[in-house]
2 protein chains.
Amino acid sequence: MFRIDLMSRTPVYEQIIEQLENFVLTGAMKSGDKLPSVRSLSLSLSINPNTIQKAYSELDTKGIICSVPGKGSFITEKALIILKQNKLSQLSDFENLLENLILAGISKDDIIDCVEKVYKRSRKI
Amino acid sequence: MFRIDLMSRTPVYEQIIEQLENFVLTGAMKSGDKLPSVRSLSLSLSINPNTIQKAYSELDTKGIICSVPGKGSFITEKALIILKQNKLSQLSDFENLLENLILAGISKDDIIDCVEKVYKRSRKI
DNA sequence: CCAACCGTATTAGCTAGGTTAGTACAGCTG
DNA sequence: CAGCTGTACTAACCTAGCTAATACGGTTGG
């Protein structure tokens with residue numbers, strides 16, 4: 001389910017957060033779904049339970065999941081809405097990256113083609 | 001000339017590298033231009049000389065600048081070509097970010113509008 | 001020639017963040 | 001009650017990034 005890259009510059013607990021958020025955004029996980037327990041996930045990923053808990057507690061603070069002692073952790077109802085709103089703030093990152101590509105001399109038509117391509121690809125998934 | 005954000009998650013030496021590369025890409029600095037000396041830059045930015053040297057030595061390894069003991073550091077002839085080539089590899093980052101925005105529910109038209117806007121803005125600079 | 005600048009090298013130490021380890025407590029559930 | 005769940009806490013370790021101080025050798029201009 002989760003794929004962790006220990007060599008990555010981004011911390012493991014952030015990789016978990018990012019991947020779970022994408023599961024929600026893509027519909028792979030829905031409101032009410034139960035997450036793997038802290039201990040079982042730590043075993044299957046060969047990662048310390050504390051690291052998993054750090055990811056879960058941050059997701060809980062964000063309102064993406066709801067952790068209940070004795071029961072488990074579950075996707076909240078607001079999760080999808082919250083995440084969509086957050087992603088929209090990436091629009092500025094998108095513009096920054098776009099400016100870099102312009103500096104590199106990429107034409108507007110090339111960019112438009114690229115956008116079309118990605119949109120077609122995303123529809124198939 | 002340089003603007004350093006000590007609070008940023010990206011290391012100071014990488015900020016220097018990134019900004020200098022952008023100076024070259026935007027034409028603010030050209031082949032043969034002399035960079036501020038390690039010591040003078042460390043003074044003006046209130047940063048340890050070692051940190052500046054780390055940035056410079058990495059830029060030297062990349063072939064962006066050429067450091068000569070006793071003389072100084074200078075933009076190489078190949079700098080612009082190298083950097084343009086490197087920036088092209090950001091196209092995959094661009095696609096990844098785009099996929100995220102699609103997940104957030106942004107329409108293709110909104111993206112196209114954004115691209116048009118950034119291109120118009122970049123032409124004025 | 002020499003003082004003042006240049007880049008470079010080396011060693012040491014500090015800090016913050018990320019991760020691991022071990023242990024413990026409390027709430028559910030069958 | 002046994003076994004699962006989340007949670008809390010402390011201690012230790014490692015690494016990256018940065019700082020500090022010092023030293024060496026090349027270049028340049030007065």
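Keep in mind the model is a prediction, meaning the values are calculated, not measured. Per chain, numbering begins at 1; letters A, B, ... match sequence-line order.
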Proximity to the side chain of A:Pro11 - top-ranked nucleotide from C:dG18, D:dG17, C:dT20: C:dG18
Interatomic distance where CD belongs to A:Glu58 and P belongs to C:dG17 [whole Å]: 13 Å
Suppose we screen for ring pair (Phe, Tyr, Trp, His ring centres under 6.0 Å). Which residues come up paired with A:Phe2, at least two apart in sequence or across chains? A:Phe23
Under the rule for side chain to side chain contact (heavy atoms under 4.5 Å, CB included), what residues qualify as partners of A:Asp113, not counting sequence neighbours? none
With sequence neighbours left out, write down each residue that passes side chain to side chain donor-acceptor pair (under 3.5 Å) with B:Glu14, or none if nothing qualifies. A:Arg9
Rounded to whole angstroms, how far apart are CD1 on A:Ile16 and P on C:dT19? 8 Å
Applying ring-ring contact (aromatic ring centres under 6.0 Å, His included), which residue pairs with at least one partner in residues 86-107 of chain B are found, sequence neighbours left out? A:Phe94-B:Phe94
Check the distance between C:dC28's C1' and A:Phe74's CZ and give it to me in whole angstrom. 11 Å
Got a donor-acceptor contact below 3.5 angstrom from the B:Gln15 side chain to the B:Thr10 backbone? yes
Selection residues 35-64 of chain A - residue pairs positive for ring-ring contact (aromatic ring centres under 6.0 Å, His included), sequence neighbours left out: none
Within residues 2-10 of chain A, those residues having any heavy atom closer than 4.0 Å to DNA chain D are A:Arg9
Length of the CD1-P vector between A:Ile17 and C:dT19, whole Å: 11 Å
Suppose the criterion is salt bridge (Lys or Arg N to Asp or Glu O under 4.0 Å): which pairs have a residue in residues 19-31 of chain A, not counting sequence neighbours? A:Glu21-A:Lys62
Interatomic distance where NZ belongs to A:Lys54 and C1' belongs to D:dG6 [whole Å]: 18 Å
Distance, rounded to the nearest Å, where A:Glu14 contributes CD and C:dG17 contributes C1': 11 Å
Identify all side-chain donor-acceptor contacts of residues 66-82 of chain B below 3.5 Å with residues at least two apart in sequence or on another chain.
from    : atom 1 : to      : atom 2 : distance (Å)
B:Ser67 : OG     : B:Ser73 : OG     : 2.8
B:Thr76 : OG1    : B:Gly63 : O      : 2.6
B:Thr76 : OG1    : B:Ile64 : O      : 3.1
B:Thr76 : OG1    : B:Ala79 : N      : 3.2

Where at least one partner belongs to residues 41-55 of chain B, residue pairs that pass salt bridge (Lys or Arg N to Asp or Glu O under 4.0 Å), sequence neighbours excluded: none
Rounding to a whole Å, what distance do you find between A:Leu43:CG and D:dC4:P? 11 Å
Partners meeting side chain to side chain contact (heavy atoms under 4.5 Å, CB included) with A:Ser44 (sequence neighbours left out): A:Leu41
Side-chain heavy atoms of B:Lys87 within contact of B:Asn22, under 4.5 Å: yes
If the sugar-phosphate is the primed atoms plus P, OP1 and OP2 and the base is the rest, what is the B/S/- string for nucleotides 4-15 of chain C, using protein heavy atoms under 4.0 Å? --BBBBB-----
End-to-end bend of the helix from C:dC1-D:dG30 to C:dG30-D:dC1 (five-pair axes, 10° rounding)? 10°
Can you measure A:Gln15 atom CD to C:dG18 atom P for me and round it to whole angstrom units? 12 Å
